[in-house]
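Structure first, then comments.
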Amino acid sequence: MNNIIKQFLKLKLLLIINIMCCNIFLSNAFSSENFVVITVNKIPITKNDIVNRAKLLSFSIENNNDFKKLQNYYNQSLKSLINEKIIFSAGLKINKNIIEMVAPKANQLLLNEFNNSKEKLSSFINYISVPKAKLLEKYESQLVWGIVLKNKFKNQLLKLDKIVENNIKNQKKRKTEDLYDLAEIVISRNNNEILLNQIKSALKSGVNFLDLASKLSISSSAKFKGKVGWKNYQSLPKYIRSKKINLNEGDIISFPTKDKIKIIKILAKRLNGQFSKKETNVILGRIKFPINFQKKDEAFNKIKFAVEDLLTSKKTCNNLNMIKDQNNDLSINIIKSRMADMSTKIQNVVENIDLYKISQPLFFGNFGYTFIKCDVKKPRPNKKTFLELKNKMMQKHYLIISERYLKRLHKEAIISNIKNLNK
């Protein structure tokens, strides 16, 4: 009798455990369930689409795969995805195979982000657990959008030669004006105060403004890393003019518009039309080194001594890779950039160092970064060719017609809410 009772109790215990396991499994399955959140011209946007895009935005700002605050990025992700679906919808009307047409170029643009290394791309995909197809969508939409605009505004773009001629005349008149080189990040205004604060925090910590713009901004200028070009004071955003804000290089101003929040950075400023030092082009050797369980100063000094020893006898950066050969934990990259286009923190540590000298370090998480100035080219006036001026004007023209046409298509789009993302 006792054996029967024991057997019964064992079976009952096993049954309870099985029920608990099933409940856990069903709970996890439900929480990870994918479903359509919204459709744009009958093209679905799913929960997984939003989550994957939110991961990319989160990584851009926080530079890790923690993703604890992923919901803070849902609104901006959805806004970006809606714009992309509107673009794809317009492209499919031109050619039903348009996405396949742009796929090879999109793949190459994505690979360029990882120094043309398939290994680095694969490592990144595994690190943040986002399918490659979702990384490609941003590039595909930009390429499709270019085709849509050329198809729609073909006649207007053919008149660009006359616009360039007028621009040349205007430039002669503006030689003595104060000019401002601007970049922008545009986010949706709706419930995005948290995201705005996270962007501001990321910029203060040293994240590059142009990198954030290319990944976060919902403006067409994201294609140009947020750059909107040189403007005189009268051409600046109305908010800046109405407040009569005195602008300096590196200033970042944020303000709301009707349905968006704009974050503007003054990359460079030309006083009376004269070149700024921020327009200087530099070549930097960037060394990334781990801290691990060392003190920060101790980790940096080890690198500093090794680099200074190499650069003492040879005034060149070509032999920096010798350091990497001696230590596999180090990463060496060569950066070619205008001073104005780098993060403010990097500008501050490299601006006043001499050629072939090592900079003070910057620390992010478990890694330190130090820079060697390998070459400097001061800005100089150059007579731009007609083709160069045309390309410049094309970019500006692209931004103007792009914003206007996307607004129009957005109004015409059939957007249907299917299911609440948080339910």
Side-chain angles (χ1 to χ4, degrees), residues 60 63 111-117 120 124 181 183 202-215 224-227 249-250 252 265-269 275-291 296-297 299-380:
S60 299
N63 198 30
L111 200 57
N112 289 347
E113 290 282 334
F114 297 89
N115 297 320
N116 290 313
S117 170
K120 288 181 180 179
F124 178 75
D181 191 16
L203 293 171
K204 283 182 182 178
S205 73
V207 174
N208 187 295
F209 190 97
L210 301 182
D211 288 343
L212 275 186
S214 69
K215 295 177 173 66
F224 309 108
K225 292 195 167 185
K227 289 186 178 183
E249 292 176 324
I252 296 175
K265 181 174 182 179
I266 312 303
L267 298 173
K269 178 180 177 180
F275 283 111
S276 162
K277 288 182 179 179
K278 298 289 185 185
E279 295 180 76
T280 301
N281 286 288
V282 295
I283 298 178
L284 302 175
R286 188 196 75 174
I287 302 176
K288 176 183 176 182
F289 58 93
I291 301 167
K296 290 180 178 180
D297 289 344
F300 169 61
N301 285 332
K302 287 181 181 178
I303 304 304
K304 182 181 178 182
F305 294 142
V307 173
E308 287 180 340
D309 184 55
L310 271 178
L311 298 177
T312 299
S313 56
K314 293 185 179 181
K315 297 298 183 183
T316 174
C317 290
N318 293 337
N319 55 338
L320 283 179
N321 280 325
M322 290 176 62
I323 304 172
K324 185 178 178 182
D325 294 338
Q326 296 167 9
N327 190 330
N328 292 329
D329 291 334
L330 301 182
S331 171
I332 310 289
N333 282 331
I334 299 298
I335 300 170
K336 299 178 181 180
S337 173
R338 277 195 324 168
M339 290 289 293
D341 298 338
M342 297 186 292
S343 75
T344 304
K345 282 202 170 186
I346 294 178
Q347 289 182 45
N348 290 340
V349 298
V350 304
E351 196 164 21
N352 296 316
I353 62 171
D354 295 327
L355 282 173
Y356 313 117
K357 297 295 183 183
I358 190 167
S359 77
Q360 288 299 307
L362 297 174
F363 295 100
F364 297 96
N366 186 46
F367 292 96
Y369 299 82
T370 186
F371 304 86
I372 297 97
K373 193 183 287 184
C374 301
D375 195 11
V376 175
K377 289 185 180 178
K378 292 183 179 180
R380 63 179 70 178

Does the side chain of [X] reach to within under 4.5 Å of the side chain of [Y], using non-hydrogen atoms?
| X | Y | value |
| --- | --- | --- |
| F275 | T280 | no |
| R286 | Y369 | yes |
| I287 | I303 | yes |
| N281 | P379 | no |
| I335 | I283 | no |
| R338 | L267 | yes |
| I291 | F367 | no |

Subject >> K278 and E351 ion-paired at < 4.0 Å >> reply: yes
**OP:** For the pair D341 and K265, find out whether any cationic side-chain nitrogen is under 4.0 Å from an anionic carboxylate oxygen.
**Re:** no
Subject >> Working for side-chain contact (heavy atoms from CB on, under 4.5 Å), residues L362 and I346 >> reply: CA-CA 8 Å; L362 297 174; I346 294 178; 3.9 Å; yes
Donor-acceptor pair, distance only, cut-off 3.5 Å: does the side chain of [X] make one with the backbone of [Y]?
| X | Y | value |
| --- | --- | --- |
| K336 | V282 | no |
| S359 | V349 | no |
| E279 | K378 | no |

Original post:
Checking side chain to side chain contact (heavy atoms under 4.5 Å, CB included) against K225, which of L212, N208, D211 comes through?
Top reply: D211
If you look at every heavy atom in [X] and [Y], which pair is closest and at what distance?
| X | Y | answer |
| --- | --- | --- |
| A299 | P290 | CB-O, 4.0 Å |
| S205 | A202 | OG-O, 2.7 Å |
| I358 | F300 | CD1-CE1, 4.2 Å |
| P361 | F289 | CB-CZ, 4.3 Å |
| F371 | V350 | CB-CG1, 3.6 Å |
| S337 | M342 | OG-CG, 3.5 Å |

Original post:
Is the cationic atom of K120 (NZ for Lys, CZ for Arg) positioned less than 6.0 Å from the six-membered ring centroid of F114 and within 45 degrees of its normal?
Top reply: no
Original post:
Cation-pi between K296 and F363: NZ/CZ under 6.0 Å from ring centre and within 45° of the ring axis?
Top reply: yes
**OP:** Any chance you could lay out the side-chain contact (heavy atoms from CB on, under 4.5 Å) test for V376 and L355, step after step, and finish with the verdict?
**Re:** CA-CA 8 Å; V376 175; L355 282 173; 4.1 Å; yes
Interatomic spacing from [atom1] in [X] to [atom2] in [Y] - rounded to 0.5 Å:
| X | Y | atom1 | atom2 | answer |
| --- | --- | --- | --- | --- |
| I372 | K357 | CD1 | NZ | 11.5 Å |
| I252 | I266 | CD1 | CD1 | 9.5 Å |
| Y356 | C374 | OH | SG | 7.0 Å |

Original post:
So, S276 and E249: side-chain donor and acceptor under 3.5 Å apart, yes or no?
Top reply: yes
**OP:** Using the side-chain contact (heavy atoms from CB on, under 4.5 Å) rule, take D354 and K373 through it: C-alpha gap first, then chi angles, then the decisive distance, then the call.
**Re:** CA-CA 7 Å; D354 295 327; K373 193 183 287 184; over 6 Å; no
Original post:
Does CG in D375 sit with more than 12 non-hydrogen atoms of other residues, nucleotides or ligands closer than 6.0 Å?
Top reply: yes
